[in-house]
Amino acid sequence: MENQVLLSVKNLKKYYEISQGMFKEKIVVRAVDDVNFTVMKGETFALVGESGCGKSTTGRAILRLTEPTDGEVIFNGTNLALLPYEKMRSLRKHMQMVFQDPYASLNPKKSIRQILMEPLKVHSKFDKKESLQKVISILQIVGLSEYHLDRYPHEFSGGQRQRIGIARAMILQPDFIIADEPVSALDVSVQSQVINLMLELQKEFGLTYLFISHDLSVIQHMTDRVAVMYLGKIVEIAKTEDLFNNPKHPYTQALLSAVPITHPKEKKERIILKGDVPSPANPPSGCTFHPRCPFAMEICKSELPDQARFEEGHTVNCHLYSQNKEEINYAISHS
Amino acid sequence: MEKILQVKDLRIQFNNGKENIQPIRGVYFHVNKGETLGIVGESGCGKSVTSLSVMGLLPQKTSEIVSGEILFNDRDLSRLTEREFRKLRGNEISMIFQEPMTSLNPVFTIGKQLSEPLRQHKKMSKSKIRETIIAVLKQVGLPRAEQIIDEYPHQLSGGMRQRVMISLALLCQPKLMIADEPTTALDVTIQAQILELLKNIKRKNDMSLILITHDLSVVAEMCDRVVVMYAGEVVEEAEVNELFDQPLHPYTQGLIQSLPSNNKRKSKLFSIQGQVPKPSEIKEGCVFANRCPFVFGKCLTETPPSFQKGKHISKCWLQDPEEMEVKRIGESSTVIS
Amino acid sequence: MTVDFPKVPHTTKIRNVRKNRQSAITTFFLNLMRSWTGIIGFIIILILLLISIFGQWIVPFDPLLADFSKKLLPPMTGGHLLGTDQLGRDIFSRIIMGAKISVIIGLSTVLIAGTFGTIVGIISGYFRGWVDVVLMRIVDVQLSFPFILLVLVINAIIGSGLRNIIISLAIGGWVIFARVIRSEVLALREQEFITACVATGVSKFGILFKHILPNLFTPIIILSSLQIGTYIIAEASVSFLGFGVQPPEPAWGNMLNEGKDYIFSSWWLITFPGIAIMITALGVNLFGDWLRDTLDTELKGE
Amino acid sequence: MLDFIIKRLIQVVVVVLLALTVVFFLIRLSGDPTALFLPPDASREQIEEYREMLGFDRPIYIQYGEFMVNAVQGDFGQSLRSKEDALPLVLSRLPATFQLAISALILSLLIAIPLGVLSAYKRNSVFDRISVALTVLGQAVPSFWLGLILIYFFAAQLNILPSGGAGSIVHLILPMITLAAYSVARFTRFTRSTMLDVLRKDYIRTAKASGVPTIRLVGRYALKNSLIPIITLVALDLGTLLGGAVITEVVFAWPGVGRLLMQSLMNRDFPIVLAGVFIVALIYAVINFIADILYAYVNPQIRVK
């Protein structure tokens, strides 16, 4: 089971066109721009980045909740990006999604029974009686009970709704779940309950997660490998522990250093980035990070960096690592 | 130490047309001159309502301060008229809100909005006002201050808007600034910028800061002292190091322990069971009793008073000297309220 | 790697927890009781419906029977509560019968315009593409022409009468439904719970019929109730101008039309039918407003 | 901004052409057009002659093309009754309609905006309750009936104002009030609810937190925010106002486009109807166009782009 590729994303792109009126050229927003990564069976792979970096769009494009502009999404050997709608629809039982906002992602007019029965009905997995048994058992698994069957979403608290959202994703026994900021709308004390639930479910059912989040402490806690995104591109991929111990990309370094301390006595060296994230409609030339990068060199302004590979699958897209070593050392020591 | 703000036994009642609810039930805390006080709690714990009451910004028709005092420099704010309050707001006390995207008026320029507190509280000529605004905009680290003053909010990013909000709060050099979740809507790297800015500004302007947040790491980063609120009550108050080293209330303990960074990677996180009770569900006894791992008989029947140990206050029966079977040691352990 | 769900013993009885919930009707009345205006609107509508159903049995006089010996009697004379008109017909009886016409016109127009507009709105909003572009252009064009004038012109061209005034009003009125329903559908499409359905694998039609349609119910009800008042007033205006429902049918609008020539001598001819229109429109509007306020807050949760 | 204006202008043209097309076909499809154009007692020969003369024997698309080509040039034919040219006749009535509609619009805005603002400012006060009740009532009163009642009181009973006709400012008073009544109710209500919405916004709280007094908050700040939706509504409602003008003109025998249109509809004088439809659609489209530009002016988010 280990080291088997479940999902591989190749050159995935999602561009949005914004019309500017008749006489101006359309603006192309490159929400996801040439993203590559693979997810192994049974692991938790994280996409991390700040708002607008394209991590959610990547997740949605993989499941074709938004149609990708270009690229391949190979899931268990099938290229999802090319599947006709109906084929894709029947494949969806193997891959599910948990959404950020548990309030918005449940239909307010449907009872919990209806919400949870629907996936089973759609994929006609079981007869009615069996389905109900499944629904009840999944409710118990996520920490609710059959007592809640005929209630409506607005009768639940945020944490409970997210449990229902997870139950809906789990009921078809998928192999793969994309969780898009599943805990960021929740309070701290409820957050830990939901993280625990997700960890338990993974252990019990051998699930693979694609975990999308901006919260680095949650990512550090529960994921195996991380891809860091900036302006629609992946800048670094590494094992979680590697990434947190030895971040290589200047953006990753800044991002990690910005994570708030967890104890007042902790002292932290901060790399405070200049300015704001540029608009993906008008990204900087060359390496998109160069205007904010403390180590920016001439080459960064004009050329897109290649991927540099390190041990254990740690990859970085940065000119610092494609140049010769001396220059790197120079740049780092003079920062 | 001089106390700039004292809140005593504050009780606030809301009427939603159907029933009365009390989201704030007897809140005590104070702010010392020059310090940063953190108020932490989860959504619905009453931390924002408390801060709005200090600003006199509670909805007039549907809410009411039932009892208590809010002493600002020994003046009771809870009895001020709207006119008196107005002279205070933006002048001696100012506030920064959570949502920088919606907190600025979309149809007025930045300069127009920033000129308002100066117009209201200071007698200044137009050119002097403009000068002051540009100076403050520069102080909060906005580039191109001379241009930004004539721009509209939608032309700025979230981080820049929050800087504008801070400069708005700063204009009249208030003695007390209240920041209600100032970085919650922002990205981590921007959050780091804004927190740094708040620290510098507080130091330079010699003011006190109340920082309202749900995020313990923001507290660890910024605060001198912390008040922990739960379901409309203050359950614990301590100096920041003390709170993180030795939290006394089981709720605070749970919050700190459930931080992912305080747990082994991939292990089950510590978590507080159950949910916050709704205001209508609160009965006799301790508000945290239904979720508390150490709950015992007395917790369900009697509301605990605040037990004080030095500067560390906690509202939990476990701290009752009798319950702890610890003999009272002179003055170091007294019961207030 | 199939992991089975834990077995649930078959003896587990599925309890129905509906017992402690209020039925829809109870909720309706409980909400109604909270609003004075809602109650007034509801009562007016109830009375209106009752007299339009049972009107023909409760009228004191034949509303069509002319009697020149009794023409232009003031109110409260000769047993005529609201007086008689220029042909000696009992105004009270005519107003009662007019209620029926107003109700028929209001309801059938809303039914036709609502159904057609809703279908167009759904097609436009859900399937988008060129169909949407074409349909919305049509709606734009029609909306760029005053409603009442459009109804007048259409009615003048296709001819008067009850059926034709309903058709004219429906042709004039469907666009509002199309516009509103389309924007509702567009908003719903963007809702996360619809994305969640796609992610679950629900088919396009499943999403439309099981998830979008039920959520359109509320806006359709609200819009319909608010539109009925518009239709009733529009019909009265058209009839007043001499189109629409023709004499001797006792529509409130044409009663006013006939009465306006006697404005200097007999005030009651123009007074009572107008009051009838006003009270009806008031009732429908009040009820519609109340419906919107309660259903809207219900939508938003607590 | 420029291509926004051009885009909207094209839209105006399309709207007007389509409106004409629809009315043209409605008239043609509703029966033998010749019969419509002639008095009912016309003889068979007369009908045939007329049909040929007007070109109704030709295929409908040719007729349509010809009609549109002529219409674009402003030629809608002659009135079947008075034999006057249709478009100039309609245009000659336009000033009267404008006078009525614009004075009613100004009157309603002058009453409604202060009333709505005050109502919102003093929410739930006696004043507010009365104003809300009046607006609800005002929206339920059919304008033609209000006109009749006003005539009854001021012309028939008090005899201080004329019951109809035009000429002096006194002739304008009753029609103006009649036409404005519905708009006053609607605008007041809308201003009030928009103001209440705006007053709940975060940025109002911000202004309050900077010590802005409530009066200034309402009058200076919230009002400008509310203007955007109010302008939108007023623009949308101008159609209703124009439609109402038709009815009001008939009630008060006001010599405007509406009354002419009504008479022509009664007389089945279709060249005039078509010319009238053309003018009304054009006016309405142009008003909407102006409103859009005004809207862009008030809303910096559109303007700055």
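The chains referred to below are lettered A, B, ... by the order of the sequence lines, with proteins before strands, and numbering in each begins at 1. Nothing here was measured: the structure is a model prediction, and the numbers come from that model.
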Checklist line | Interchain contact, C/Asn155 with chain D, by part (heavy-atom threshold 4.5 Å) | finding: neither
Next item on the list: Tell me, for C/Phe147 versus chain D, whether the close heavy atoms (under 4.5 Å) come from the side chain, the backbone, both or neither.
Entry: neither
Notebook entry, point to check: chain D: which of C/Gly159, C/Ser237, C/Ala281 shares the most heavy-atom pairs with it under 4.5 Å?
Noted result: C/Ser237
Note to self: Can you tell me which of C/Leu286, C/Leu282, C/Ile232 forms the most heavy-atom pairs within a distance under 4.5 Å of chain D?
What the structure shows: C/Leu282
Item checked: Flag side-chain contact, heavy atom, 4.5 Å: D/Thr240 against C/Ile148 -> no
Notebook entry, point to check: Tell me, do D/Leu18 and C/Gln142 make a side-chain contact under 4.5 Å, heavy atoms counted?
Noted result: no
Next item on the list: Go through the atoms of D/Val277 and report whether side chain, backbone, both or neither lie under 4.5 Å from a heavy atom of chain C.
Entry: both
Checklist line | Crowding at CZ, D/Phe154 (>12 non-hydrogen neighbours, <6.0 Å) | finding: no
Next item on the list: Look at C/Thr230, C/Ile279, C/Ile275 and state which one has the largest set of heavy-atom pairs under 4.5 Å with chain D.
Entry: C/Ile275
Next item on the list: Measure from the side-chain N and O atoms of D/Trp145 to the backbone N and O of C/Met278, and report whether any donor-acceptor pair falls under 3.5 Å.
Entry: no
Checklist line | Verdict with supporting geometry, D/Gln139 and C/Asp289, side-chain contact (heavy atoms from CB on, under 4.5 Å) | finding: CA-CA 12 Å; D/Gln139 283 186 293; C/Asp289 284 343; 5.8 Å; no
Notebook entry, point to check: C/Leu149 and side-chain contact (heavy atoms from CB on, under 4.5 Å): which partner among D/Leu242, D/Leu261, D/Ile247?
Noted result: D/Leu261
Margin query: What's the separation between atom OG in D/Ser143 and atom CD1 in C/Ile233, rounded to the nearest 0.5 Å?
Written below: 8.5 Å
Notebook entry, point to check: So, do D/Val136 and C/Asn285 sit near enough that their side-chain heavy atoms are less than 4.5 Å apart?
Noted result: no
Item checked: Residue D/Phe153 excluded, over 12 heavy atoms near CZ under 6.0 Å -> no
Notebook entry, point to check: With a 4.5 Å heavy-atom cut-off, do C/Trp252 and D/Pro142 have their side chains touching?
Noted result: no
Notebook entry, point to check: Has C/Met76 got more than 12 heavy atoms of other residues, nucleotides or ligands less than 6.0 Å from its CE?
Noted result: no
Next item on the list: Pick one of side chain, backbone, both or neither for D/Val250, based on which atoms fall under 4.5 Å of a heavy atom in chain C.
Entry: side chain
Check: Do the ring planes of D/Phe144 and C/Phe240 sit parallel (below 30°), tilted (30 to 60°) or perpendicular (above 60°)?
Finding: parallel
Margin query: In the structure I gave you, are the side-chain heavy atoms of D/Met262 and C/Phe243 within less than 4.5 Å of one another anywhere?
Written below: yes
